[in-house]
Amino acid sequence: MIRPRKLRQMLAPANGARKTVLILVFGLATFVCGIAISFKDRIPNLLDAVSSQIDQLLGLVVDAESLDWSRHLLGGGLLLLGFYLLIQGVRSGLRHVFETVNPDTGGRLARIYRRRLQLAQGYKIVVLGGGTGLSTLLRGLKQQTSNITAVVTVTDDGGSSGKLIQEKGIIPPGDIRNCLVALADAEKSMTDLFQYRFSSDSGNLSGHSMGNLLIAALSDQARGDFERAIELASDVLAIRGRVVPSTLSHVTLRALMEDGTEVTGETKVAGTSKRIRRIFLCPEDSKPYQAAIEAILEADLICVGPGSVFTSVIPNLLVPGIAEALEKSPAHKVYICNVMTQRGESDSFSASEHVSAVLANIDRKIFDYVMVNTAQPSQAATEKYRDAGQVWVDADIERIKAMGYIPLPGDYMSETDLVRHDPMKLSARIIRLLEKR
């Protein structure tokens, strides 16, 4: 037997057309009734006249005995031909309209329409994190569903974001920009523009990302409404899903090191050479973004990470209400462990030590599965990363099991100039986990 959820998925692409079909049927029925009422005396006479003319024409080619069935055969043929021509006319008209509006469809309207319907009816997936790890995952997930909510860390205080915090007083836009671009369905020239960074000899613009400046400009246009600025940027990039901050409060990271000293600010925490014991969010009473809470409670699956464990992953979880919502959510909850360690933050960490770092800061069980990469980089890449103070994250699966979590081992790695997660491998494994539900 087909399970109810599977049946809903099979019928999902037709859900959005129900209203349109009902309106068309009701409109046609109303039109027919109007004709019947207004022309009830003339229609029979008109039909009789047409039928008589057709009978005379048929009489020229068939005998009287064959006239009756010939009339029915001709009538059926004309009905089918008329219906076919009507459909072709509607299709031609719609194609002309859509290709005029969007010339890039290239005659693939039906396939594009069906694909977008399927994505719109896909699983509800929430991802929490920041940095390049989160944007990498989003590039794969947007091929599976449009129901994506990226909950982004807002503690970045370096580079272009740091300058805009000081000069404009806005929420740091850097990680949000990366996620918007990752989910974008816009032209490559537009995403390239968002990611363009001014060179060091550009005066006051040196180091700024064009996307950060555009988000800041949109915030000004919206009279300081940062939420509205993100919505406008999302429209410009035609993103699949949505990107939201974990909080709209201005927050700062504070780290307690193992030697008892404290470091304040994400940039300084990421650049420290000391081992981190605990991470704190200042102020501790920041308010969570309500849309993020709602998305977590309604999700089918939630991904925590990948990303820098102390500066990208944990900060979201420290916002009051986020961890509580994760614990309460009935969704599958997966922690995606990094492929490589990060110098000064997770030196020599194994997969289980990444999990332990999260547990040391969050006193709740906020995920059930741990996705661990088991593929190892090439010797050349290993030596290159070792020179930079980074090593492959050891997949100590048995230790993860002993901690009470379900490991999801596999080859999730992509190796080019950099060693990182492969977005398509990650998203495919996530969807398989959902389909088994």
Side-chain angles (χ1 to χ4, degrees), residues 123-138 140-141 148-153 246 276 278-279 292 295-296 299-319 322-342 345-346 349-375 392-413 420-423 425-434 436-437:
Y123 291 106
K124 295 179 180 179
I125 298 178
V126 174
V127 294
L128 296 95
T132 57
L134 183 60
S135 56
T136 297
L137 174 61
L138 293 175
L141 288 178
I148 305 169
T149 301
V151 181
V152 186
T153 303
S246 55
I276 301 170
R278 290 287 302 274
I279 284 285
I296 289 170
D300 295 313
L301 183 138
I302 300 168
C303 296
V304 179
S308 304
V309 64
F310 288 109
T311 55
S312 292
V313 174
I314 294 176
N316 272 336
L317 307 175
L318 293 177
V319 175
I322 296 289
E324 291 83 351
L326 281 168
E327 186 179 44
K328 188 184 300 183
S329 174
H332 282 317
K333 286 159 275 192
V334 182
Y335 173 66
I336 303 177
C337 188
N338 291 346
V339 175
M340 305 295 291
T341 62
Q342 184 172 348
E345 186 167 335
S346 57
F349 271 25
S350 67
S352 66
E353 287 176 307
H354 279 80
V355 176
S356 296
V358 176
L359 295 178
N361 289 272
I362 310 299
D363 59 351
R364 300 172 185 272
K365 187 174 182 180
I366 56 172
F367 47 80
D368 308 300
Y369 301 88
V370 179
M371 190 172 289
V372 186
N373 171 64
T374 55
W392 176 71
V393 174
D394 180 35
D396 50 349
I397 296 171
E398 293 305 318
R399 174 61 182 157
I400 292 172
K401 289 181 181 178
M403 296 170 71
Y405 296 95
I406 303 171
L408 300 175
D411 176 4
Y412 306 123
M413 189 185 74
R420 56 180 57 178
H421 283 105
D422 185 301
K425 292 178 181 178
L426 278 182
S427 59
R429 184 65 184 90
I430 288 168
I431 296 300
R432 286 204 305 273
L433 177 62
L434 279 167
K436 290 181 179 179
R437 185 173 179 173

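Numbering starts at 1 and runs along the sequence shown.
Side-chain contact between M371 and C337 is absent, with no heavy atoms from C-beta onward closer than 4.5 Å. Between D368 and H332 the shortest side-chain heavy-atom distance does not fall below 4.5 Å. L326 places a side-chain heavy atom less than 4.5 Å from the side chain of L317. Put simply, the side chain of V309 reaches to within 4.5 Å of the side chain of V358, judged on heavy atoms. With a 4.5 Å cut-off on side-chain heavy atoms, S329 and I302 count as touching. The closest side-chain heavy-atom distance from T136 to L426 is not below 4.5 Å. Taking the side chain as every heavy atom from C-beta outward, M403 and L359 approach each other to under 4.5 Å. Looking only at side-chain heavy atoms (C-beta outward), W392 and N373 come within less than 4.5 Å of each other.
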Might you work through the side chain to side chain contact (heavy atoms under 4.5 Å, CB included) test for V372 and L408, ending with a clear yes or no?
CA-CA 6 Å; V372 186; L408 300 175; over 6 Å; no

Start with the C-alpha distance between L128 and T153, add both sets of side-chain angles, then the distance that settles side chain to side chain contact (heavy atoms under 4.5 Å, CB included), and finish with yes or no.
CA-CA 8 Å; L128 296 95; T153 303; over 6 Å; no

Verify side chain to side chain contact (heavy atoms under 4.5 Å, CB included) between L137 and C303, making sure each step is shown before the conclusion.
CA-CA 9 Å; L137 174 61; C303 296; 4.0 Å; yes

Tell me, with the steps shown, if V355 and Y405 meet side chain to side chain contact (heavy atoms under 4.5 Å, CB included).
CA-CA 10 Å; V355 176; Y405 296 95; 4.0 Å; yes

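R278 contributes atom CZ, which lies 9.0 Å from atom CD1 of I314 (distance to the nearest 0.5 angstrom). With rounding to the nearest 0.5 angstrom, the NE2 atom of H421 is 11.5 Å from the CE atom of M340. To the nearest 0.5 Å, the span separating CD1 on I125 from CG on D300 amounts to 7.5 Å. We find the OG-CG distance between S246 and N316 to be 4.0 Å, quoted to the nearest 0.5 Å. Taken from CD in E345 to CG in N338, the straight-line distance is 9.0 Å, to the nearest 0.5 Å. Y412 OH to I336 CD1: the interatomic distance, rounded to the nearest 0.5 Å, is 9.0 Å.
When every heavy atom of S346 is checked against every heavy atom of T341, the shortest pair comes out as O-CB, 3.2 Å. The minimum heavy-atom distance between A295 and V126, with the atom names listed, is O-CG2, 3.4 Å. Here the closest heavy-atom approach between residue S312 and residue G131 is recorded as OG-N, 4.1 Å. The heavy-atom pair separating P306 from G133 by the smallest distance is CG-O, 3.4 Å. Considering all non-hydrogen atoms of both residues, L138 and I148 come closest at CD2-CG2, 3.8 Å.
Residue pairs satisfying the salt bridge (Lys or Arg N to Asp or Glu O under 4.0 Å) criterion with at least one member in residues 326-337, sequence neighbours excluded, are listed as follows: E327-R364.
The aromatic ring centroids of F349 and H354 lie less than 6.0 Å from each other. For Y369 and Y335, the ring centers are positioned 6.0 Å apart or more.
Side-chain N or O atoms of D396 include none that pairs as donor or acceptor with a backbone N or O of E398 at under 3.5 Å.
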